[in-house]
There are 2 protein chains.
Amino acid sequence: MSTPAVSPPATRDPLTEEDICRRVRDSVLEQRLSPGTRLTEDKLCTVFGVSRTLVRRAFLLLSRDNIVRLERNKGAVVASPTPEEAEQVFEARRVVESALIAQAVARATKPDFEMLRMHLAREKDALATADIARWIRLTGEFHILLARLARNAPLLAFLEQLVFQTSLIIALYGRNGSPSNCRGDDHDRMVAALEAGNAAEAVDILTHHMNGIEAGLSFAPRDDMEDLHQIFAAKAS
Amino acid sequence: MSTPAVSPPATRDPLTEEDICRRVRDSVLEQRLSPGTRLTEDKLCTVFGVSRTLVRRAFLLLSRDNIVRLERNKGAVVASPTPEEAEQVFEARRVVESALIAQAVARATKPDFEMLRMHLAREKDALATADIARWIRLTGEFHILLARLARNAPLLAFLEQLVFQTSLIIALYGRNGSPSNCRGDDHDRMVAALEAGNAAEAVDILTHHMNGIEAGLSFAPRDDMEDLHQIFAAKAS
DNA sequence: AGTCAGTAAATTGTTGACAATCTTGTTGCA
DNA sequence: TGCAACAAGATTGTCAACAATTTACTGACT
């Protein structure tokens, strides 16, 4: 109940294209929209109660962030990164986030750490109350909050993209047997290392953290054509 | 004359939004459009012979790449990064490009180096024939070609943004007394280091290269209001 | 039965007109 | 003369209708 998950049926809001983007993003993040889902303009128009112009602009922005794929005369589908793209996203995150953490150590102040610890508390709360959607969002946000301390707008914006891509990838390839999200007390330990001014250790924890997430993925039998496999299975039965 | 600098007065071309983007980008890159210039929709419509829809979409894309700034009800102006933003762009480039070079060393093959050396020859040719517009473009492209060898799409796309921003920054703050662009034989030496498999040295050259460019800038008296300063100076004379 | 062509529905692409907003120039008033 | 309110022009924001394309369906033919 922390955020208005579903707004009233879209009346008298002068929604802007950024609102649409955020709503779509959140829906993907909380796995109400799965990768590969087709998004028709009309549907979103009626859902949000706006005209096609806005939806169109939103699609353009979302495609720029690799959240949807736009094909001419075909419309928009929620992006479903290939294993190769996934690998590259993880590599990019290791590079960018390591640098951001090093900077963050140099610039963070006491109130910053309090803010981080408050966030960690929220994460734990969400997990304790089994509010998984909120937990997923918060674990992603942690990395953003951390990155913000480095005070580098371009790198921050880029990491935001990457963090979102990571969520998409986990939604696609995560073995739901072992929750491959940000698990364990890695976040706590990173904050501790940061507060101790130990950038090297913080980076080290992060790297292992990311490797752990990546290792928890399964690219096995659904590279591009997950649907096809299901169809074939159904036919054979 | 290497590229059609100005197309015939915009007749019978089914231009796409990417074309508009590219044309605007190139114009900024070759300093025909200076930072702060206002771009009205109607003007571009008549120039390119397209409807407002396309121009609008192009603006949206360009704003995402920080090439233009979009303000509601105010239209688009060519971006003019502040000194703080400039500093952050350079920092981001150091981070991203170092990692890309390290990867490039690991993955580059013989034909890659031939390609790079051919590019270096083109750079020298442009400089020799005093084709400055082409030279500016080529020096930027060098870094893109290098980055492409690392085979990481997100990092590459991000670096493309940053390289363009760098050009903007040089256009804004470069002391035209000392050509602060990619100067000297840094590019040659980087290729040599790469071919020798010496990633550390290549990164080192790059860092000095970037520092040199940054040091050649002058943020002195024109932070946001360059025009005002000129006007006051004129009044005083 | 299976395949292919043709047609109908649905969806996206484009355009032009109209409304809202900002900018600029002018007029009236203290 | 200086300032403020007003008005005209220009520019951007929004929308709804129309055109082009793709997709789905139906039916005839082999």
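Per chain, numbering begins at 1; letters A, B, ... match sequence-line order.
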* For B:Phe59 and D:dG13, what is the distance between atoms CZ and C1' respectively, to the nearest whole Å? ->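 One finds 14 Å between C1' of D:dG13 and CZ of B:Phe59, rounded.
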* Let me know, please, whether A:Asn73 or B:Asp42 comes out on the 5' side of the other along DNA chain D by nearest nucleotide. =>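 Going by which nucleotide is closer to the 5' end, it is B:Asp42.
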* Option from A:Glu214, A:His143, A:Gln88 for which side-chain hydrogen bond (donor to acceptor under 3.5 Å, both in side chains) with A:Arg93 holds ->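 One option only clears the test, and that one is A:His143.
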* Asked: Has A:Arg52 got a side-chain N or O lying under 4.0 Å from the OP1 or OP2 atom of D:dT14?
  -> no
* Asked: For DNA chain C, whose closest nucleotide is more 5', that of B:Leu54 or that of B:Arg38?
  -> B:Leu54
* **Any donor-acceptor N or O pair under 3.5 Å, side chains B:Asp19, B:Thr16** => no
* Asked: Between A:Ser51 and A:Cys45, what is the shortest heavy-atom contact and its length?
  ->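 Scanning both residues completely, I find the closest heavy atoms to be C-SG, 3.8 Å.
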* Closest to the B:Thr53 side chain, choosing from D:dT23, D:dC15, C:dT15 ->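 The nucleotide sitting nearest to the side chain is C:dT15.
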* **Nearest-angstrom distance from the residue atom CD of B:Glu71 to P of D:dT12** => 13 Å
* **Residue B:Thr40, side-chain atoms from C-beta onward, closest of D:dT23, D:dT12, C:dT12** => D:dT12
* Examine C:dT14: is either OP1 or OP2 under 4.0 Å from a nitrogen or oxygen in the side chain of B:Ser51? Give yes or no. =>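 No, no such contact exists.
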* Structure fact -> To the nearest angstrom, the CG-P distance between B:Leu70 and D:dG13 comes to 7 Å
* **Over 12 non-hydrogen atoms of neighbours within 6.0 angstrom of CZ in B:Arg25** =>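 Yes - once you tally the heavy atoms of other residues, nucleotides and ligands closer than 6.0 Å, there are more than 12.
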* **Nucleotide of D:dC15, C:dT14, D:dT14 approaching A:Arg56 most closely (side-chain heavy atoms)** => C:dT14
* Give the rounded distance in Å between these two atoms: CZ of B:Phe48 and C1' of C:dT15. =>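 Taking atom C1' of C:dT15 as the reference, CZ of B:Phe48 is at 20 Å.
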* What's the shortest heavy-atom distance between B:Phe59 and B:Glu41, and which atoms? -> CE1-CG, 3.9 Å
* In whole angstroms, how far is the P atom of C:dG16 from the CD atom of B:Glu41? ->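 In whole Å, C:dG16 P and B:Glu41 CD are 15 Å from each other.
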* **OP1 or OP2 of D:dT14 under 4.0 Å from side-chain N/O of B:Arg72** =>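 Checking B:Arg72 against D:dT14: at least one side-chain N or O falls below 4.0 Å of OP1 or OP2.
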* **Euclidean distance, atom CZ of residue A:Arg57 to atom C1' of D:dT14 [Å, nearest integer]** => 10 Å
